[in-house]
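Shown next, in C-alpha cells, is the structure this report addresses.
Since this is a predicted model, take the numbers as computed values, not measurements. All values below were derived from every heavy atom in this structure, side-chain atoms included, with hydrogens, water molecules and symmetry-related copies excluded.
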Amino acid sequence: MKILENVIANKNLVFTDASSGATTPIGTLYRSLGLNPVEKGLIFLYNDNQLPSIEVLLNFYGTAHAIAVLGQKLHPEFKERLEAEYRPKYIFDPSRDEVQGYSLKEFSETVKIFAKEDYQPEVVIHPEIKILLSTSGTTGVPKLVKLSDENLYQNAVSILQYMPILKTDVVPLNVPVNFVYGFSIFTTNCMRAGRIVCTDKDIMQKAFWDEMEEYAYSTLGGVPYLYENLNRIGFFRKDSSSLRYMTHTGGVINAELRKTIFNYCLEFEKQFFAQYGQTEAGGRMAYLTTDGLLEEETSIGTPVHGGSFQIHPETDELLFLHSSISGGYANRLEDLSTYEQPKLLHTGDTGRRGQNGLYYITGRIKRIMKLFGIRLNLDEVEFILKNELEGNTLVCLNGNDKKIIVLYDNIEIDPQIIKETIKNKLRINPQYVRTEHIESFPLSQNGKINYPLLQNLQHENI
C-alpha cells in the first residue's frame, strides 16, 4: 500500500474537522476503527469530505478491501440501483438511518457502517483494484474506473515533482474526494502537507471564507466554473495572505480570466497550476505553470513526470502513456474480477503539439457537429465567445446539426452580440444560432457544467 505508507510516513500530518476544530494526527486516524487488514470485500463510501468519511477511507485503504468512493448527495434511488448491482459488503452513508438487508454497526463514537447481513462473496475481486471512482458526466448506473494503489501512487509521485507542497501547508478539502481531482489533491497533500481541513463547504458559502481565515488555507483547487465565480465575487482584487498557490483542472479557462489570474499572482506573489487530467489515469496528466496563462491559446502544458503524449495521425485524438493508467471499467459486480491495464489511454480529446513543445486541446471528439456540412468544434465556438464576452459563462450545444444553441446565465448579455460574434469570427449566418438565457447552469457532482443534461433538456426545443 504505497499511498498509505507514504501518508503514514508524513508523521506530523494532522486532520482537522472544520466545524468543530477537533484535530487528529495521522498516526491515530488511519487505524482508529480496528479493522481486520486481510478481510476482503467491497465497501461503498458515500463521501462528504468531512472527517468521518476521511477516517473510513484511510482505515479501509489499509485493508484488502476495494473502496468505491461515491458522492453522499447521490439521489436515494440512484444509490439503491448501485447497491443492487454491486451488493457491497459494507456501506458508509451517514445520510441514511437504514439500508435494507444491512445492519448498522458502530465502529467508533463517530463512525457507523452498514454491514450486509449473511454476506457471501459472489466474485473474487482482483487484488490490484483498490479504488473505484465514477467517470464524470455519466447517467444511470455509472461506469466505475478501476484504480490500483500503484496507479494512484505513480500519479501522486509525478504530481509531487512540480507541485510546491510544504510540510507547513494547510489544505482544505474543498474539491469532493469522490471526484478524481479531489482524490488526487487529497493523496498528494497527505503525503507532503501539514494539515488537512475536512470541510463540506464551498466557495459560495460565507462559512468557507470564515474557515479560510480561521485555518489560514495555503491552497485552493477547482474547475473553471469555480474560478469564474471567484472572479465575480471580487476574489482577485485583494490579497489572501495565507494563500500560496492555486490549482485547476476540468476544462478551459477563458483568456480574460487567465489574464486576471496571472495579474493577481504577479501582484500578490502566488502560483497557479492549470492542469489536465482524467479519472482513467488517476487524476492529473499534464500541467502548466503561472507564466503559461499568458499563452495566446489555452495550453494544457507538458505531460507530468514519467508520462508522454501522442497525437493520433488520423483523428487528432490525444493519447497518453503513463504507469498511472487504470485497469479498465466496471459496469457490474462481475467486472471487479478483472484488471487489464492498457499501454495507451485514448482521452477522447482532440489535440495538437505546438512548436514550443506545449500541448493544446482543440476539443472533444463527441463535441463535433456538422452545420450544413461545415465541421464545427463546439468547444472552440464556446472558447471564442467566452473570450469576446469578457469571461462570461456560456455553453454551446448541438441543435441536431441545424443550429448552434448558446446558453448564457448573465441577464445583462445582449444575445445579438453572441450572434454577431459567431458571424464575424466563424462566418456563420445568425439565423443558424439560437440563444437562450438560463437562470443557472446545472452542475455535475464534480462541479463541472452538466453538458449531457443540458443537451437532453434542449431536445424539446430543437
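- At a threshold of 4.5 Å between non-hydrogen side-chain atoms, the residues Ile165 and Thr188 count as touching.
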Apply side chain to side chain contact (heavy atoms under 4.5 Å, CB included) to residues Thr247 and Met163 and explain how you reach the verdict. CA-CA 9 Å; Thr247 64; Met163 193 61 65; 3.8 Å; yes
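- Residue Leu132 holds its CG atom at 12.0 Å from OG1 of Thr279, rounded to the nearest 0.5 Å.
- Ring-plane geometry between Tyr162 and Tyr287 is classed as parallel, the angle between the planes falling under 30 degrees on a 0 to 90 degree scale with a further cut at 60.
- Between Leu397 and Leu378 the shortest heavy-atom distance is C-CD1, 3.8 Å.
- In terms of modelled atom types and a separation under 3.5 Å, the side chain of Gln72 and the main chain of Tyr46 share a donor-acceptor contact.
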Where do Arg258 and Asp291 land on the salt bridge (charged side-chain N to carboxylate O under 4.0 Å, His left out) test, with the steps shown first? CA-CA 10 Å; Arg258 293 203 314 273; Asp291 289 342; over 6 Å; no
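- Once rounded to the nearest 0.5 Å, the distance linking CG of Leu4 with CE of Met191 reads 11.0 Å.
- If you look at Tyr227 and Phe272, their ring centroids are closer than 6.0 Å.
- For Gln431, the CD atom is densely surrounded, since the number of other residues' heavy atoms within 6.0 Å is greater than 12.
- When all heavy atoms are compared, the tightest approach of Phe183 to Val177 is CB-O, 3.3 Å.
- Using a 4.0 Å cut-off between a side-chain N of Lys or Arg and a carboxylate O of Asp or Glu, Lys146 and Asp335 do not qualify as a salt bridge.
- Taking the side chain as every heavy atom from C-beta outward, Leu74 and Leu82 approach each other to under 4.5 Å.
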Derivation of the salt bridge (charged side-chain N to carboxylate O under 4.0 Å, His left out) call for Arg352 and Asp316: CA-CA 7 Å; Arg352 66 177 182 84; Asp316 290 336; over 6 Å; no
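- Residues Asp93 and Ser95 bring a donor and an acceptor atom of their side chains to less than 3.5 Å of each other.
- Residues Thr199 and Glu211 bring a donor and an acceptor atom of their side chains to less than 3.5 Å of each other.
- Distance check, rounded to the nearest 0.5 Å: CG of Asn429 to CD1 of Ile422 gives 11.5 Å.
- At a threshold of 4.5 Å between non-hydrogen side-chain atoms, the residues Tyr86 and Arg81 do not count as touching.
- Tyr432 does not carry Lys403 over the face of its six-membered ring by the limits of under 6.0 Å from the centre and within 45° of the normal.
- For the pair Met369/Ile404, a side-chain contact is recorded, criterion being any heavy-atom separation below 4.5 Å from C-beta on.
- A search for ring-ring contact (aromatic ring centres under 6.0 Å, His included) contacts involving Phe208 returns Tyr217, not counting sequence neighbours.
- Considering only heavy atoms from C-beta on, Ile449 comes within 4.5 Å of Thr393 through its side chain.
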Go through the steps for Phe186 and Tyr181 under the test ring pair (Phe, Tyr, Trp, His ring centres under 6.0 Å), then give the verdict. CA-CA 9 Å; Phe186 174 71; Tyr181 174 39; over 10 Å; no
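- Note that CD1 of Ile196 is 9.5 Å distant from CD1 of Ile26, once rounded to the nearest 0.5 Å.
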Check step by step if ring pair (Phe, Tyr, Trp, His ring centres under 6.0 Å) holds for Phe60 and Tyr90. CA-CA 11 Å; Phe60 274 86; Tyr90 295 108; 5.7 Å; yes
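- Donor-acceptor pairing under 3.5 Å is recorded for the side chains of Thr16 and Arg195.
- Between the side chains of Ser324 and Asn151, no donor N or O sits under 3.5 Å from an acceptor N or O.
- Of the residues listed (Ile384, Ile405, Leu385), the one engaging Cys396 in a side chain to side chain contact (heavy atoms under 4.5 Å, CB included) is Leu385, and it is the only one.
- Looking at Asp17 and Ser20, their side chains do bring a donor and an acceptor atom within 3.5 Å of each other.
- Closest non-hydrogen pair, His305 versus His322, comes out as O-NE2, 3.1 Å.
- Two rings, from Phe235 and Tyr264, have their centers less than 6.0 Å apart.
- Counting all heavy atoms, side chain and backbone alike, Pro303 lies closest to Phe309 at CG-CD1, 3.5 Å.
- Within the 4.5 Å cutoff, no side-chain heavy atoms of Leu147 are placed close to those of Glu280.
- Side-chain contact, Tyr276 with Asp349: a donor N or O sits under 3.5 Å from an acceptor N or O.
- Annotation: the span from Asp48 atom CG to Leu173 atom CG amounts to 10.5 Å, rounded to 0.5 Å.
- Of the possible polar contacts, none joining the Lys73 side chain to the Asn47 backbone as a donor-acceptor pair under 3.5 Å is found.
- In terms of modelled atom types and a separation under 3.5 Å, the side chain of Glu295 and the main chain of Gly292 share no donor-acceptor contact.
- Looking at Ile300 and Met285, their side chains never come closer than 4.5 Å, going by heavy atoms from C-beta outward.
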Go through Asp169 and Arg192 one step at a time and tell me if the salt bridge (charged side-chain N to carboxylate O under 4.0 Å, His left out) criterion holds. CA-CA 8 Å; Asp169 279 343; Arg192 287 275 179 90; over 6 Å; no
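- When all heavy atoms are compared, the tightest approach of Pro224 to Thr249 is CD-O, 3.5 Å.
- Counted by atom type alone, Asp200 and Asn49 present zero donor-acceptor pairs between their side chains at under 3.5 Å.
- Distance check, rounded to the nearest 0.5 Å: CD of Gln416 to OG1 of Thr421 gives 10.0 Å.
- Considering all non-hydrogen atoms of both residues, Gly357 and Thr302 come closest at O-CG2, 4.4 Å.
- Glu256 and Asn254 are not linked by any side-chain donor-acceptor pair at a separation below 3.5 angstrom, with hydrogens and angles left out of the test.
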Walk me through whether His437 and Tyr408 qualify under ring pair (Phe, Tyr, Trp, His ring centres under 6.0 Å). CA-CA 5 Å; His437 175 257; Tyr408 59 97; 5.6 Å; yes
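- Counting non-hydrogen atoms of other residues, nucleotides and ligands closer than 6.0 Å to CD of Glu213 gives a total of 12 or fewer.
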CA sep, side-chain torsions, deciding dist, call: Tyr30, Tyr61, ring pair (Phe, Tyr, Trp, His ring centres under 6.0 Å): CA-CA 9 Å; Tyr30 86 95; Tyr61 205 104; over 10 Å; no
Given the rule in the salt bridge (charged side-chain N to carboxylate O under 4.0 Å, His left out) test, do Glu380 and Lys386 qualify, once you have shown the distances and angles that lead to the verdict? CA-CA 10 Å; Glu380 290 182 353; Lys386 286 185 177 182; over 6 Å; no
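- A donor-acceptor pair is defined here as one N or O able to donate and one able to accept, closer than 3.5 Å; no such pair exists between the side chain of Thr315 and the backbone of His312.
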Dump the intermediate steps for side chain to side chain contact (heavy atoms under 4.5 Å, CB included) on Val180 and Gln278, then the final yes or no. CA-CA 8 Å; Val180 71; Gln278 293 186 354; over 6 Å; no
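- Counting heavy atoms from C-beta outward, Arg434 and Glu436 have side chains that approach closer than 4.5 Å.
- Using modelled atom types and a 3.5 Å distance limit, the side chains of Glu317 and His346 yield a donor-acceptor pair.
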